[in-house]
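What follows is a set of notes on a single structure, which appears directly below.
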Amino acid sequence: MHRKSEDQESELALLSNDDTSSITDPEIDDQDLEANRKDVQPAEKSAAPEYQTPNTVKFLWLTAYFGFSMGITIYNKFILGSFKAPWLLTCLHTTFSSIGTFIMMKRGYFQLSELGRKEHFILVAFSVLFTSNIAMSNLSLSLVSLAFFQIIRNTVPLFTVLIYRIWFSRSYATATYLSLIPIVAGAGMCTAGDYHYTVIGLAVTIGGVILAAVKTVTTNRLMTGSLALPSMELLFRMSPLAAVQSLVFGIIAGEVPIFYDAMVDRTQNGSLFPTLMTTALIVGNGLLAFLLNVASFNTNKIAGALTITVCGNLKQAITLALGIVLFGDFSINVLNGLGIFLTLAGCAFFSKSELDSKRRAASK
């Protein structure tokens, strides 16, 4: 597979600087960073991207991802209150990501790599994984209670660690493993409620969690493994495929008539203003989803798959806290409060552990 030198230089510039270019860590497997890239020096092969990236850059991308993720969660709840069509909403998001990355490519932010048949097959499989993850999540919600669904989904960081450990033989510092205990337990306590499930529902929910972890790790590996695609190129190549698949799912689920009826109800008085407002609402949601996807793919690459799953648990705790403080529509109990505290403390412990791992790697 032949790659263009401009892509290599731009990606390596993001993932390294003068202080960290020679980092080595014996705890990290050789294939964990673009292991098959010929332009990577031997000393660089053993350092994961999250240990190469400057902390300031990592923090900025994490902040962007966290902010856009919180925003799209609230926005989606508002949209789905009017248009109960989750598959068409996913199609909207991936369509805007396709258009946005196409514009970025035309403006010279990235160039397409020369890929063979095998690489194209991998990308098609990745898009199927992306939409299957959404399908599994939707199916889980229909079989179990929301509280049970959330508490099982909180274990995604644990499955992410297992995948790295078993499949890639990668280990983390002991402190990192320990930090996951309060993160997972605290997030579960935040969502404590009525747990209703069936055996089939439990199996499907656990399968969805494993699939979510596989999707997150796969996304990271496509950008940092042997394929080493630029993050925006991966988003550009995946989005159109996911958009078509989501549209097909939406048609099968009967969402098109639902969306059409909702649009007719909003514009039946013949006024132009409701139509413009509805269009602006939909376009705004698509644009925010595009920004989230840009932040998500870049954050996954430079901060790591485990960090982004931990960030998901942190978002859940902060969302609960904001709901209590800003809206006051429900009261907090001791279990919820302790869960928020444990999650925040665990994330702080996790951050310190990863910073310590980077310092140890730099001192080698």
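The structure displayed is predicted, hence computed values, not measured ones.
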*Would you say the side chain of Thr155 lies within less than 4.5 Å of the side chain of Ile206, judging by non-hydrogen atoms?*
no
*Taking all heavy atoms of Gly254 and all of Pro257, pick out the closest pair and write down the distance.*
O-CD, 3.4 Å
*Under 4.5 Å between any side-chain heavy atoms of Val209 and Leu158, yes or no?*
no
*Non-hydrogen atoms of Leu314 and Cys347 that approach each other most closely*: CB-SG, 3.7 Å
_I'd like to check Asn293 versus Thr101 (side-chain heavy atoms, cut-off strictly below 4.5 Å). Are they in contact?_
no
*Within the side chain of Ser97, is there an N or O that forms a donor-acceptor pair under 3.5 Å with the backbone of His93?*
yes
*For the pair Glu119 (side chain) and Gly116 (backbone), establish whether a donor and an acceptor sit closer than 3.5 Å, ignoring hydrogens and angles.*
yes
*side-chain contact (heavy atoms from CB on, under 4.5 Å) evaluation trace for Leu241 with Thr94*: CA-CA 9 Å; Leu241 298 172; Thr94 48; over 6 Å; no
*Compute both the distance and the angle, then confirm whether Arg165 meets the cation-pi test with Tyr177: under 6.0 Å from the six-membered ring centre, within 45 degrees of the axis.*
no
*asked:* For the OG atom of Ser239 and the CG atom of Leu234, what is their distance to the nearest 0.5 Å?
replied: 8.5 Å
*Looking only at non-hydrogen atoms, find the nearest pair between Met136 and Gly208 and report the distance.*
CG-CA, 3.2 Å
*asked:* If I take atom CG from residue Leu342 and atom CD1 from residue Ile183, how far apart are they, to the nearest 0.5 angstrom?
replied: 10.5 Å
*Euclidean distance, Phe96 CZ relative to Ile282 CD1, rounded to 0.5 Å*: 9.0 Å
*Taking Thr176 for the side chain and Tyr172 for the main chain, is one N or O donor matched with an acceptor at less than 3.5 Å?*
no
*For the pair Ile308 and Thr160, evaluate side-chain contact (heavy atoms from CB on, under 4.5 Å) and give the outcome as yes or no after the intermediate values.*
CA-CA 10 Å; Ile308 205 167; Thr160 302; over 6 Å; no
*Does any N or O in the side chain of Tyr75 come within less than 3.5 Å of the main-chain N or O of Leu281, such that one atom is a donor and the other an acceptor?*
yes
*Does the side chain of Phe130 come within less than 4.5 Å of Met238's, by heavy atoms?*
yes
*Applying side-chain hydrogen bond (donor to acceptor under 3.5 Å, both in side chains), which residue pairs with at least one partner in residues 252-263 are found, sequence neighbours left out?*
none
_Pairs involving residues 335-358, ordered by first then second residue, that meet ring-ring contact (aromatic ring centres under 6.0 Å, His included) (sequence neighbours left out)_ = none
*Please assess Thr343 against Met189 for the test side-chain contact (heavy atoms from CB on, under 4.5 Å), listing each intermediate value before the final yes or no.*
CA-CA 9 Å; Thr343 304; Met189 293 164 67; over 6 Å; no
*Side-chain contact, heavy-atom cut-off 4.5 Å: Arg221 with Trp167?*
no
*Between Leu115 and Leu227, is any pair of side-chain heavy atoms under 4.5 Å apart?*
yes
_Around atom CG of Leu178, are there more than 12 heavy atoms from other residues, nucleotides or ligands closer than 6.0 Å?_
yes
_Separation of Leu202 CG from Ile152 CD1 (nearest 0.5 Å)_ = 6.0 Å
*Taking side chain as C-beta onward, heavy atoms only, is Phe149 less than 4.5 Å from Ile151?*
no
*Would you say the side chains of Thr219 and Asn300 form a donor-acceptor pair under 3.5 Å?*
no
*When rounded to the nearest 0.5 angstrom, what distance separates CE in Met232 from CG in Leu112?*
13.0 Å
*Aromatic ring pairing Phe236/Phe102, orientation class (parallel under 30°, perpendicular over 60°, tilted between)*: parallel
*Could you verify whether a donor N or O on one side chain and an acceptor N or O on the other, from Ser113 and Glu233, lie under 3.5 Å apart?*
yes
*Mind checking whether Phe259 and Val244 sit in one hydrophobic cluster, side chains of I, L, V, M, F, W, Y counted as touching below 4.5 Å?*
no
*Only one of Thr63, Thr56, Val57 clears side chain to side chain contact (heavy atoms under 4.5 Å, CB included) with Phe59; which?*
Thr63
*Before giving the answer on side-chain contact (heavy atoms from CB on, under 4.5 Å), spell out for Phe249 and Thr90 the whole-Å C-alpha distance, their side-chain angles and the decisive distance to 0.1 Å.*
CA-CA 10 Å; Phe249 273 106; Thr90 303; over 6 Å; no
*Looking at side-chain heavy atoms only, is the closest gap between Asn220 and Tyr164 below 4.5 Å?*
yes
*Are Phe297 and Ile122 connected in the hydrophobic side-chain network, where two residues link if heavy atoms are under 4.5 Å apart?*
yes
*asked:* Restricting to non-hydrogen atoms, name the atom on Arg237 and the atom on His120 that form the minimum distance, rounded to 0.1 Å.
replied: NH1-CE1, 3.5 Å
*asked:* Checking the side chain of Thr299 only, and the main-chain atoms of Ser296 only, is there a donor and an acceptor separated by less than 3.5 Å?
replied: no
_For the student: nearest non-hydrogen atoms of Lys58 and Ile302, plus distance_ = CE-O, 3.8 Å
*If you measure from CD1 on Ile210 to CD1 on Ile163, what distance do you get to the nearest 0.5 Å?*
8.0 Å
*Would you name the heavy atoms of Val184 and Asn313 that are closest together and state the gap between them?*
CA-ND2, 4.0 Å
